[in-house]
2 protein chains.
Amino acid sequence: MKTKKRITIYDIAEKLNITASSVSRALNNSNHVNEATKNLVLKTAAELNYKRNVLASNLRMGKTKTIGVVVPRINQNFFSNVIAGIEDATYQKGYNLIICQSNESRDKEIKCINTLMNQHVDCIVISVSVESDDHTHLKNVIDQGVQLIQFDRVAEELETLKVINDNEQASMEAVTHLIEQGYKRIALLEGPQNLNIFRQRKIGYLNALEKFNLPVINELVIENAWTKELGAAATRKLLSLPEPPDAIFASTSDFSALGVLDVAHAMHIKVPSELGILGYANEPFTEITTPSITTIDQFSVNMGKTIANLYFEEMENHEVAVTPKVISIKPQLIIRASTRKKK
Amino acid sequence: MKTKKRITIYDIAEKLNITASSVSRALNNSNHVNEATKNLVLKTAAELNYKRNVLASNLRMGKTKTIGVVVPRINQNFFSNVIAGIEDATYQKGYNLIICQSNESRDKEIKCINTLMNQHVDCIVISVSVESDDHTHLKNVIDQGVQLIQFDRVAEELETLKVINDNEQASMEAVTHLIEQGYKRIALLEGPQNLNIFRQRKIGYLNALEKFNLPVINELVIENAWTKELGAAATRKLLSLPEPPDAIFASTSDFSALGVLDVAHAMHIKVPSELGILGYANEPFTEITTPSITTIDQFSVNMGKTIANLYFEEMENHEVAVTPKVISIKPQLIIRASTRKKK
DNA sequence: TTTGGAATGGCAATCGATTGCCTGAATTTA
DNA sequence: TAAATTCAGGCAATCGATTGCCATTCCAAA
């Protein structure tokens, strides 16, 4: 059995004794066709089970109703949630999603962008990889007239639409919470400082200390501790100091906080009484560790939806070239057992 | 500053005083052009920063080097891992991925399939939603000559390429492990039986019992307990039986197992000594609960890669229409504290 | 009655890349 | 030397949908 030939507008045209132009106009609800003709075309199209050839349409129109998404890793809870949110919102508008992962590599990120550009996506949504300091490839996107939306990890100097968390504020609140619980020597596990999010979280930390007149102790600030293993290593180092910290803010991720917790367990240090632990991202597991981990929720699915809606708004106001919009979502501190020192 | 016009093969042709045909052939490495011309074209293309217009090419060729993926939920660990695996493997071959989520709804699944078909994807990879009993929409895909690959949750009666886990075997091993640990009254939390995976896991459970001459106790088999909440509810019910189980196999998911654990904690029942708990899927959190949960690893990322490679193989052997290949991946039992009864 | 416009439809070009077929030239074989 | 190949390039159609421009009809306003 041969694959049936697809129905085209020409088939409809032939059947109705009109031209493809009219069919096209009818299908696109143009007011350049007679109402009667329009209905006839619509009816016939339905009968013949006509499906517009998207490829042809894309070529002609130069747009694809497709959004490209580039994230460091698809299978990281935060990102997959954002993607789920984007999918949810874009699907309803008949948009498609092409997904790429940069694997935290600059090279791959560039290749992803190129692929997406070649696919003529209408918009690129990206959270930059840790490696990418130079943002020429993103500038190119803008120069080629493709809408660029950055989220979470953003290149701040680029004037694009951005959807971010208020990391500084969240971090500040988190540390404030620790101080209010009575912790006095609060260590910070910080992430790669070339990423805005980690810089901001550090600022929040510093601001909180300053607000409460606590000194910044350099040896309590550990660089690049953004995996479980690195978090664990940092913790071992911190806890073997002459004056160890009484709380650790793993500003990089909950995984890092998990590393902290593991080491604390191994060293028989009581959490939260002897050591407070605070993570970032509200990974599902933070709720079920013993003790459960205080963390910060980023409303990731919502973030995805916000991104999608931002794009659609921008499409509509298309003429009004306002200054690039930045939407900041306020994350929420989720207080759990790991920092509940006061009774 | 206007957006520069894109370079086309006609621009190259004009510059070199040849026709677009030759340029096209040169770019496609056809042996229908002179070697010298070919090099000249390649050189010029590079100079002018020519990029093939994929849309035009797609239209002409009728294929898109794009694979559509339909999963119930993108932000579910197993699926996002599979997707990550697929992305990894397809990316290298220059293929793109369009991702849809069915949200476990049959309607949405059908719509996803339609969208993907309209986008002329070369292949559709799907793990069916729990709702979809009728598979007409999948048959259509095949009839239209689009490669269909099912994974994990598959419609067994459809003769398509399949990449699955050996759920029966895994389940059997799991229950065997429980029995060997000395558990005697093993309860089963089963998933919707219209999904093959849950049917198979149940069979594995039954086989293991039979092998060891243990009776099947109907009141220990609980239907549809495939979320944390349902798992918890089932557990409450089970533990309040006159003769409660001494082990619970949450064959549906680790989340369900987590519900079991929660209830056990709440009821001060000791795990694993008084109650053994076994989950499914090796979710990251199973490692860090107290006690850690014994579970089954599905090699999800690998599964994704396998899917991609299966497609590419099939492409190459394209002529040889063998009986549809089924690749079964043997999952691995990960034994952890929650079932370690024997010392 | 004439003119102006609105409504409706057709024509043909266009979006770029691809490819079957044809032609003329160069090379090989008989 | 003549016939047969091979090589390399050009021509034009094709993949379908879209749209600017032109043509016709019909009705209303002058």
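Note on naming: letters A, B, ... go to the chains in the order of the sequence lines (proteins, then strands), and numbering restarts at 1 for each one.
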Inset, instruction - Would you mind classifying the nucleic acid contact of B:Ser24 as base, sugar-phosphate or nothing, using non-hydrogen atoms under 4.0 angstrom? - result: base
Inset, instruction - Using only heavy-atom distances, decide whether a donor-acceptor pair under 3.5 angstrom links the side-chain of B:Thr8 to the base of C:dC15. - result: no
Inset, instruction - Find the distance B:Asn29:CG to C:dA17:C1' and express it as a whole number of Å. - result: 16 Å
Inset, instruction - Mind checking B:Leu27 for me? I need base, sugar-phosphate or nothing, with any heavy atom below 4.0 Å counting as a touch. - result: nothing
Inset, instruction - Would you indicate what B:Asp11 reaches in the nucleic acid, counting non-hydrogen atoms under 4.0 angstrom: base, sugar-phosphate, or nothing? - result: nothing
Inset, instruction - Taking only the side-chain nitrogens and oxygens of B:Ser22, find out if one of them lies under 4.0 Å from OP1 or OP2 of D:dG10. - result: yes
Inset, instruction - Mind checking A:Arg25 for me? I need base, sugar-phosphate or nothing, with any heavy atom below 4.0 Å counting as a touch. - result: base
Inset, instruction - Return yes if some donor-acceptor pair links the side-chain N/O of B:Ser127 with the main-chain N/O of B:Phe151 below 3.5 Å, else return no. - result: yes
Inset, instruction - May I have the distance from A:Asn53 (atom CG) to D:dC15 (atom P), rounded to whole angstrom? - result: 11 Å
Inset, instruction - For B:Ala56 and for B:His32, locate the closest nucleotide of DNA chain C by heavy-atom distance; then report the residue assigned to the nucleotide nearer the 5' terminus. - result: B:Ala56
Legend entry - Listed nucleotide nearest any side-chain atom of B:Ile18, set D:dT19, C:dA17, D:dG10: D:dG10
Counting only pairs under 3.5 Å, give me each side-chain donor-acceptor contact of residues 91-99 of chain A, with atom names and distances, residues two or more places apart or in other chains.
residue: A:Gln92; atom: NE2; partner: A:Asp88; partner atom: O; Å: 3.3
residue: A:Asn96; atom: OD1; partner: B:Gln119; partner atom: NE2; Å: 3.0

Legend entry - Short side-chain to backbone donor-acceptor contact, A:Asn81 and A:Phe78, under 3.5 Å: no
Legend entry - B:Ser105 side chain to B:Asn103 side chain, donor-acceptor N/O pair below 3.5 angstrom: no
Inset, instruction - Name the nucleic acid region contacted by B:Leu59, choosing base, sugar-phosphate or nothing; use a 4.0 angstrom heavy-atom cut-off, strictly under. - result: base
Inset, instruction - Using atom types as modelled and distance alone, determine if a side-chain donor or acceptor of A:Glu87 lies under 3.5 Å from a backbone N or O of B:Gln101. - result: yes
Inset, instruction - Name the nucleic acid region contacted by A:Asn28, choosing base, sugar-phosphate or nothing; use a 4.0 angstrom heavy-atom cut-off, strictly under. - result: sugar-phosphate
Legend entry - Rounded distance (Å) that lies between atom P of C:dT19 and atom CG of B:Asn31: 13 Å
Inset, instruction - Could you tell me whether A:Thr37 contacts a base, only the sugar-phosphate backbone, or nothing, with contacts defined as non-hydrogen atoms closer than 4.0 Å? - result: sugar-phosphate
Inset, instruction - Figure out the CD1/P separation between B:Ile9 and C:dT19, and round it to whole Å. - result: 11 Å
Inset, instruction - Could you tell me whether B:Ser57 contacts a base, only the sugar-phosphate backbone, or nothing, with contacts defined as non-hydrogen atoms closer than 4.0 Å? - result: sugar-phosphate
Legend entry - Spacing between A:Glu14 atom CD and D:dG16 atom P, to the nearest angstrom: 14 Å
Legend entry - Between C:dC15 (C1') and B:Leu55 (CG): distance, integer Å: 9 Å
Inset, instruction - Confirm from the modelled atom types if B:Thr19 and D:dC11 form a donor-acceptor pair under 3.5 Å, side chain to base only. - result: no
Inset, instruction - Return the value, rounded to whole Å, for the distance between atom CG of B:Asn34 and atom C1' of D:dA8. - result: 7 Å
Inset, instruction - Could you tell me the separation between the CZ atom of A:Arg52 and the C1' atom of D:dC15, rounded to a whole number of Å? - result: 16 Å
Legend entry - Any A:Tyr50 side-chain N or O less than 4.0 Å from OP1/OP2 of D:dA17: yes
Legend entry - Side chain B:Asp122, main chain B:Lys65, donor-acceptor under 3.5 Å: yes
